[in-house]
Amino acid sequence: MKALKILSSLLLICTIQAGEPNFRQQEIDKEVGIGYGLQLADMNGDGKTDVVLVDKDKVAWYQNPDWKKHQVSGHLTQRDHVCLAARDIDGDGKAELAVGGQWNPGDTVNSGAVFYLSPTADRSGNWNPIKLYHEPTTHRMHWIKNPAGKFDLVVKPLFGKGNKGGRGDPLKMLAYTVPKNPAKGKWETSLVSNFLHNSHNFEPVNWDKDPEEELLVTGVEGTWLLDRQKDNSWSRRQIAKPFGGEVREGSLPDGRRFVATIEPRHGSVVACYVAEGKEWKRHVLDTTLKDGHALATADFLGLGGKQVAAGWRAMNPRGAPGLKLFVPQDKNYSKWKTYQLSKAEIAVEDIKAGDLNGDGKPEIVAAGRQTHNIIIFWNES
């Protein structure tokens, strides 16, 4: 334990002495419609991480390293697509896709759609959309590892069915069991949670020692950890009380966890909750975001713990968009230094972090809404 504390202190000294982070921008698409969501996954089994985009009227992936665009779906619904899940769920080295569409948060009765995209043999051209059951206001989705070591598709609406102004019945997060033949089999559903209202985002996490993944979810009732039990029900534990819009997990060099949020939904505050025994200590990193809409956590600078990247699109309230990196300056992550990585060149709708060139340093990939582009922020720190 003493050696671990010494190592943590040395890493923090390196943090202070590391100097300015260095990210080089490369725009790989400047004809994006809205750029609702991004995922990073190997789409063709070549061992390289590709960029996957769900746009308002298409789904496409960009092939690493030349970033050639492959469209795999046109417009699936009358209204916009809104979310995407991409992950290798069958172990063949190639990611499977699911898409949410018919986006209309003002219609809490008839909106929403969920599709599994059945791939073509060569993973080009339009994949076959398999329409699944859905709750209204489909908004976010992820492939989640289950206790059997396989994957479920978890889908979360924004509002509960029939809600008005976010009030009414709670929203239903559902887990879809993948059949043996995803294109022809029946996708059964089970309830994950039904206590949240106005919940914007969630993230799969590996929180404990069991093989399956847990979920971090945030909304008007605060930020929660959901943990699947042996009877397939989900327990819940509250981490933070403020209204959260975005949520991501991180870790300190000493192994403690933190949870980063943007508060409230489409808000101005970036907060970090650090585990202090059984409690969570809140630290405010920023209060100036305009329409905050994206978070990522990764060890961008090789410091042994994760840092926080936050993006905003500045739609409402209007202003200058941007992307910032927050770097901790002390052992308890109570003091942070802010670096501005971009300004008007991208109105950040979503970001993802991952190592795209195999050098061990995570890049940031951002999709822009008003700016209609995708930019890779190459990590040359």
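Qualifying salt bridge (charged side-chain N to carboxylate O under 4.0 Å, His left out) partners for Asp227, counting only residues two or more places apart in sequence or in other chains: none.
Scanning all heavy atoms of the two residues, the minimum distance from Ala98 to Trp143 falls at CB-CZ2, 3.9 Å. For the residue pair Val109 and Pro136, the shortest heavy atom distance occurs at O-CG, 3.4 Å. Between Pro321 and Ile346, the closest heavy-atom pair is CB-O, 3.6 Å.
With Trp103 as the aromatic partner, Arg79 does not meet the cation-pi criteria of under 6.0 angstrom to the ring centre and within 45 degrees of the ring axis. Both the sub-6.0 Å distance and the 45° axial angle are satisfied by Arg257 relative to the ring of Trp207.
Put simply, the residue from Val59, Leu38, Leu117 that forms a side-chain contact (heavy atoms from CB on, under 4.5 Å) with Leu84 is Val59.
With hydrogens and angles disregarded, a donor-acceptor distance shorter than 3.5 Å links the side chain of Asp122 to the backbone of Ser124. For His142 (side chain) and Ile144 (main-chain N/O), no donor-acceptor pair under 3.5 Å exists by modelled atom type.
For the side chain to side chain donor-acceptor pair (under 3.5 Å) condition, the pairs that include at least one residue of residues 342-354, sequence neighbours left out, are Gln25-Glu345, Arg313-Glu349, Glu349-Arg369, Asp350-Lys352.
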Worksheet entry | Working for ring pair (Phe, Tyr, Trp, His ring centres under 6.0 Å), residues His70 and Trp61 | CA-CA 5 Å; His70 302 273; Trp61 62 280; 4.4 Å; yes
Discussion item. Salt bridge (charged side-chain N to carboxylate O under 4.0 Å, His left out), that's the test. Do Asp254 and Arg256 meet it? Break it down for me.
Written reply: CA-CA 6 Å; Asp254 63 12; Arg256 283 182 292 163; 2.9 Å; yes
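Ring orientation note: the planes of Trp336 and Phe258 are nearly perpendicular, at an angle over 60° on the 30°/60° scale.
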